[in-house]
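Residues: numbered from 1 along the sequence shown. Predicted model, so just to flag it, every value in this text is computed and none were measured.
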Amino acid sequence: SSFSNATTLTLNSPASVNIASDTEPAYFKFTPTQTGFYTFESFGNQGDPVVSLYNMTQQHLQDNDDGAESSNFRITYHLLDGQTYYFTAGSFDEEGANYQVVLSKASSTSGLVRTIIYEGVSYARTNQKYGQMVCFEYTPQETKSYTIQSVSTSGNPKVWIYNSQFQLLTSNDNYGTGYDFKRIITLTQNTQYFIVVGNISSTVGSYNVILLKPASIENRFYRLQNVG
């Protein structure tokens, strides 16, 4: 089995994994028709399932082991529509494993790697591959307009903002000149949001991300431009 003959996954349809050793994973692929969060997980395992996710050029994005109950894996990731992603489902057991896997639209944060974002703090992302995503979690302390923006040195960063039910609120790419994004949005006090930033360029990207309230934008943006 390999990337070239990977089995196509259908949403909400279980598939079987039967592997003879820890060096022979099963290969799966999926091309979303809608950008958003998806969860790939194992169940009914015999062995010790492990998963790796790869982008459309077969570059490694993320792993998961024991992210679900009973030593099963669960990986939740933000996927782009029209792009083919690959999953390798393997085992840490030398004797292989037999289990089921299923891909679905994400319904919870289980398996989602995320970072708490703080207002006014610059977050550097370097050497970001095509389709590589970082998910920030933010719960504002007051209802106001906020600005999320990037300053890039390479690549093409894009931002998506979701509510706590993974419903897309807004997105932005290439605001003004250059390849940076900038999105102003009113966020509600004590409400959870997910801010996803990813490189949508076929070249490796490096950029900084910052979240601001209007009163602090001018000074903070000046400082961000002069980082490093």
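- Of the possible polar contacts, one joining the Ser154 side chain to the Ser206 backbone as a donor-acceptor pair under 3.5 Å is found.
- Contact annotation: the side chain of Phe92 never approaches that of Ser71 to less than 4.5 Å [non-hydrogen atoms, C-beta and beyond].
- Heavy-atom minimum distance, Val209 versus Tyr207: CG2-CD1, 4.0 Å.
- Taking CG of Leu61 as the start and CE of Met56 as the end, the distance is 7.5 Å to the nearest 0.5 Å.
- Under a 3.5 Å cut-off, the side chain of Lys158 and the backbone N or O of Phe181 do not form any donor-acceptor pair.
- Both Val159 and Val121 sit in one connected hydrophobic cluster of ILVMFWY residues. Membership requires side-chain heavy atoms under 4.5 Å apart, directly or through other members.
- Nearest heavy-atom pair, Phe30 versus Leu9, reported as atom, atom and distance to 0.1 Å: CD1-O, 3.5 Å.
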(Q) Run Phe40 and Leu53 through side-chain contact (heavy atoms from CB on, under 4.5 Å) and show every step you take. (A) CA-CA 9 Å; Phe40 185 60; Leu53 170 64; over 6 Å; no

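- Put simply, the side chain of Phe73 does not reach to within 4.5 Å of the side chain of Asp65, judged on heavy atoms.
- Taking all atoms of both residues into account, the shortest heavy-atom contact from Asn199 to Val204 is ND2-C, 4.0 Å.
- Side-chain contact, Asn55 with Thr57: a donor N or O sits under 3.5 Å from an acceptor N or O.
- Rounding to the nearest 0.5 Å gives a distance of 12.0 Å between CD1 of Ile210 and NZ of Lys182.
- Among all heavy-atom pairs drawn from Phe136 and Val197, the shortest one is CE1-CG2, 4.1 Å.
- At least one side-chain heavy atom of Tyr54 sits under 4.5 Å from a side-chain heavy atom of Phe3.
- Atom CD of Glu142 is separated from atom NZ of Lys144 by 4.5 Å, given to the nearest 0.5 angstrom.
- In this structure, Val17 and Ala26 approach most closely via the heavy-atom pair CG1-CB, 4.1 Å.
- Tested against Tyr38 for a side chain to side chain contact (heavy atoms under 4.5 Å, CB included), the candidates Ile75, Leu11, Thr76 yield a single pass: Leu11.
- Looking only at distances, a side-chain donor or acceptor of Gln128 sits under 3.5 Å from a matching main-chain atom of Thr126.
- Following chains of ILVMFWY side-chain contacts shorter than 4.5 Å, one can reach Leu169 starting from Val134, so the two form part of one hydrophobic cluster.
- Side-chain contact between Asn72 and Glu41: absent, with no pair of heavy atoms (C-beta onward) separated by less than 4.5 Å.
- A donor and an acceptor atom, one from each side chain of Ser152 and Ser150, are nowhere located under 3.5 Å apart.
- Remark: Asn156 CG to Ile200 CD1 distance equals 4.0 Å, nearest 0.5 Å.
- Tyr86 and Met133 are not part of a single hydrophobic cluster, where members link through side-chain heavy atoms under 4.5 Å apart.
- Under a 3.5 Å cut-off, the side chain of Tyr85 and the backbone N or O of Leu80 do form a donor-acceptor pair.
- With respect to Phe37, the ring-ring contact (aromatic ring centres under 6.0 Å, His included) criterion is satisfied by exactly one of Trp160, Phe166, Tyr77: Phe166.
- Defined by atom type and a distance below 3.5 Å, a donor-acceptor pair is present between the side-chain atoms of Ser52 and Asp63.
- At a threshold of 4.5 Å between non-hydrogen side-chain atoms, the residues Arg74 and Thr39 count as touching.
- Contact annotation: the side chain of Leu187 approaches that of Ile185 to within less than 4.5 Å [non-hydrogen atoms, C-beta and beyond].
- Checking Phe194, Tyr162, Tyr146 one by one against Tyr138, the ring-ring contact (aromatic ring centres under 6.0 Å, His included) holds for a single residue, Tyr146.
- Atom OH of Tyr118 has 12 or fewer heavy atoms from other residues, nucleotides or ligands within 6.0 Å.
- Separation of atoms CD (Gln34) and CG (Leu79) is listed at 11.5 Å; rounding is to 0.5 Å.
- Looking only at distances, a side-chain donor or acceptor of Gln189 sits under 3.5 Å from a matching main-chain atom of Gln141.
- Cluster membership check: Tyr27 does not share its hydrophobic cluster with Val101, using side-chain heavy-atom separations under 4.5 Å among Ile, Leu, Val, Met, Phe, Trp and Tyr.
- Of the possible donor and acceptor atoms, one in the side chain of Tyr193 sits under 3.5 Å from a partner among the backbone N and O of Thr188.
- The backbone N or O of Ile148 sits nowhere less than 3.5 Å from a side-chain atom of Arg183 that would complete a donor-acceptor pair.
- In terms of modelled atom types and a separation under 3.5 Å, the side chain of Gln192 and the main chain of Asn190 share no donor-acceptor contact.
- Of the inter-residue distances, the one linking Asn208 atom CG with Ser122 atom OG reads 3.5 Å to the nearest 0.5 angstrom.
- Nearest heavy atoms, Gly90 versus Tyr99: O-OH, 2.8 Å.
- Contact annotation: the side chain of Thr191 never approaches that of Asn163 to less than 4.5 Å [non-hydrogen atoms, C-beta and beyond].
- Taking the side chain as every heavy atom from C-beta outward, Gln100 and Ser42 never approach each other to under 4.5 Å.
- Counting only distance, with no hydrogens or angles, the side chain of Thr35 and the backbone of Asp81 share a donor-acceptor pair below 3.5 Å.
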